[in-house]
Trainee: 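Sharing a structure with you now.
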Amino acid sequence: MSNRIKVLKTYKIFIDGKFPRTESGRYVKLVKNNIPIANVCLSSRKDLKNSVASARKIFDSWVSKSAYNRAQIMYRIAEMLESRKEQFIEELILQGYNKEKSIVELDKSIDRIIYFAGWSDKINQVFGSVNPVASSHYNFTVLEPTGVVGLISSEESPLLGLISLIIPAIVTGNTTVTIASEKYPLTSISLAEVISNSDVPGGVVNILTGSKSELIPHLAKHMDVNSIGFTEEKKDLRDQIYLDAVNNLKRLVEIPKSKIESEEIESPYIIKKFMEAKTTWHPIEKDFTSSNSY
Amino acid sequence: MQFTINNKVDKVGIEDRIARITKRSLKSESKLAGLKMVLSMIDLTTLEGMDTDKKVQQLCYKATHIHNELPDLPNVAAVCVYPTMVKTASNALKDFDVKVASVATAFPSGSSSLKIKIQETKEAIFNGADEVDMVISRGKFHSGEYNYVFDEIATIKETCGSDVRLKVILETGELGDYDHIRFASEIAINAGADFIKTSTGKIKPAATLPITLVMLEAIKDHYYNTGKMIGMKPAGGISNSKLALQYLLLVKETLGDLWLDNHWFRFGASSLANDVLMQILKLKKGYYQSNNYFSKD
């Protein structure tokens with residue numbers, strides 16, 4: 001078997017828990033040091049539309065899972081990633097990433113998933129509140145996920161950048177559509193394979209490879225996307241995101257590139273950015289026969 | 001009259017033709033025209049045990065004010081309800097060019113005596129139904145009592161008279177294969193159906209493109225033999241614009257332009273209208289829409 005030909009992976013995209021090719025049939029060749037590495041899907045706006053539709057469809061079911069259960073699923077992602085660590089490092093190096101940096105990238109990514117997973121059932125303990133009011137009401141505030149979140153991966157930090165956006169968004173019940181790094185697209189699809197093996201329901205995470213400048217405007221204008229998280233973009237593209245997101249008042253979460261690489265991002269405030277506060281007024285019914293008031 | 005299944009449907013041919021239809025798509029102006037046509041052909045439907053007068057009134061409002069932001073849109077063809085809701089619907093629609101369709105004959109199972117079915121049909125018409133959607137007796141059909149099925153349709157058509165159009169629901173999901181669907185279509189057409197309709201929407205699979213093609217072929221043959229046009233109504237499971245446009249392609253290429261009119265072709269659907277609206281708005285505004293900004297019913 002010494003002369004066997006190695007079977008190469010076909011990198012596709014990740015929509016609704018499945019790995020289809022782009023409906024447009026378009027590809028770009030990823031070349032490093034004059035060696036073609038893979039054909040990468042050049043996703044179209046219709047792939048984006050399908051992704052948003054699938055994220056919207058699964059939202060109600062994902063958000064109604066218990067926080068504890070969602071945390072378990074996040075841990076599962078970390079376990080899966082840990083067991084496939086070598087493959088990811090190899091793939092990063094193949095795409096031209098520095099070896100030492102690759103190892104650090106993997107370690108940080110796995111730890112970061114664990115960090116955010118822990119917040120799943122604690123975020124409302126910290127940020128939720130019972131508010132003092134002057135009338136006969138219980139008044140309390142809870143945080144709820146925003147809805148469908150569009151995420152734009154940073155160009156550098158191919159894995160950490162994805163993890164730092166996707167996990168804090170989905171851990172509280174948001175569903176996501178991610179546009180991958182153009183420079184290191186393969187890592188995003190391998191991460192999709194990990195996610196699809198981790199009991200994450202299809203549609204909670206969708207990942208598209210392709211041209212950012214082509215896809216971002218459709219994402220930013222999409223009326224069914226409630227929030228957009230992104231790290232760094234060229235100035236004109238960034239301005240465009242701010243402009244396009246106005247039509248349905250999307251919540252924009254811009255995370256500086258420096259934060260991704262440092263541990264500064266490991267904070268509940270990032271999770272909170274992908275949530276909305278809901279305050280409820282609940283009339284107090286007094287039972288005069290007892291001293292309790294419920 | 002003696003009925004036997006004698007028309008063998010070319011299964012491979014039917015499915016091959018559908019495979020080619022589904023690879024095609026309409027673009028820009030043709031798409032917009034197609035979408036508006038789809039809207040005008042929808043029978044906006046609510047057939048739930050929990051329907052209330054208010055729910056039906058709301059649906060009728062939607063039928064006549066499909067999306068106020070775009071005034072140049074056509075109304076849907078009809079509102080389709082249970083017989084007990086016909087009065088409510090016909091009151092709500094009296095000033096509008098939207099028909100009231102009523103299901104009848106013990107919808108959806110059809111398990112009732114002919115006497116009761118006739119009575120139910122009469123009541124629906126008395127209360128203002130312009131169209132009646134009846135179901136065939138599938139049990140009798142499977143027992144080989146084709147004459148019973150034929151006579152029942154003929155009797156209901158007689159009850160409807162010439163002014164009320166009769167749609168005959170075959171419930172193709174319960175009929176088995178294409179040969180039986182073709183055969184049931186022929187029985188319905190010969191018994192006096194004005195429309196043949198695929199499904200009640202209560203059974204899966206409901207309408208599909210290949211089943212619709214089989215039924216359209218029956219309509220075509222009848223037209224060649226007698227010169228008489230019969231309408232077609234696929235119902236159930238058609239919830240997105242792309243699929244609806246493929247149905248239009250199929251009708252155009254099987255029966256021709258004469259049938260591209262809501263007098264001869266209808267969609268039985270409830271959520272299709274919103275998807276069509278979202279697509280029309282996408283074409284006009286250039287960005288994707290959200291269901292949140294459209295009425296639920």
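Atoms considered below: every heavy atom in the structure, side chains included; atoms not considered: hydrogens, waters and symmetry mates. Keep in mind that this is a model prediction, so the values were computed, not measured. Convention: sequence-line order gives letters A, B, ...; per-chain numbering from 1.
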Trainee: Using non-hydrogen atoms and a limit below 4.5 Å, what part of residues 279-290 of chain B faces chain A?
Mentor: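 The stretch touches chain A at B:Gln279, B:Lys282, B:Tyr287, B:Tyr288, B:Gln289, B:Ser290.
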Trainee: Which residues pass the side chain to side chain donor-acceptor pair (under 3.5 Å) test with A:Asp239, sequence neighbours left out?
Mentor: A:Lys235
Trainee: State, with a plain yes or no, whether a side-chain heavy atom of A:Tyr242 is found less than 4.5 Å away from one of A:Lys250.
Mentor: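 A side-chain contact is absent here, since even the closest heavy-atom pair is not under 4.5 Å.
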Trainee: So which of B:Thr45, B:Leu47, B:Thr200 actually passes side chain to side chain contact (heavy atoms under 4.5 Å, CB included) with B:Val103?
Mentor: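 Result: among B:Thr45, B:Leu47, B:Thr200, B:Leu47 is the only option passing the side chain to side chain contact (heavy atoms under 4.5 Å, CB included) with B:Val103.
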Trainee: Taking only heavy atoms into account, what residues of residues 45-56 of chain A are found under 4.5 Å from chain B?
Mentor: A:Arg45, A:Lys46, A:Lys49
Trainee: Holding to ring-ring contact (aromatic ring centres under 6.0 Å, His included), I want the full list of residues that pass it with A:Phe116, two or more places apart in sequence or in another chain.
Mentor: none
Trainee: Under 6.0 Å between ring centres: does that hold for A:Tyr269 and A:Phe127?
Mentor: yes
Trainee: Indicate the ring-plane relationship of B:Phe265 and B:Phe267, choosing parallel, tilted or perpendicular according to the 30° and 60° boundaries.
Mentor: perpendicular
Trainee: Would you say that A:Asn247 contacts A:Lys221 through its side chain, given a criterion of any heavy-atom pair below 4.5 Å between the two side chains?
Mentor: yes
Trainee: Using the six-membered ring wherever Trp is involved, compare the ring planes of B:Phe107 and B:Tyr82 and label them parallel, tilted or perpendicular (cut-offs 30° and 60°).
Mentor: perpendicular
Trainee: Given the rule in the side chain to side chain contact (heavy atoms under 4.5 Å, CB included) test, do B:Thr254 and B:Arg17 qualify, once you have shown the distances and angles that lead to the verdict?
Mentor: CA-CA 11 Å; B:Thr254 311; B:Arg17 188 145 161 236; 3.1 Å; yes
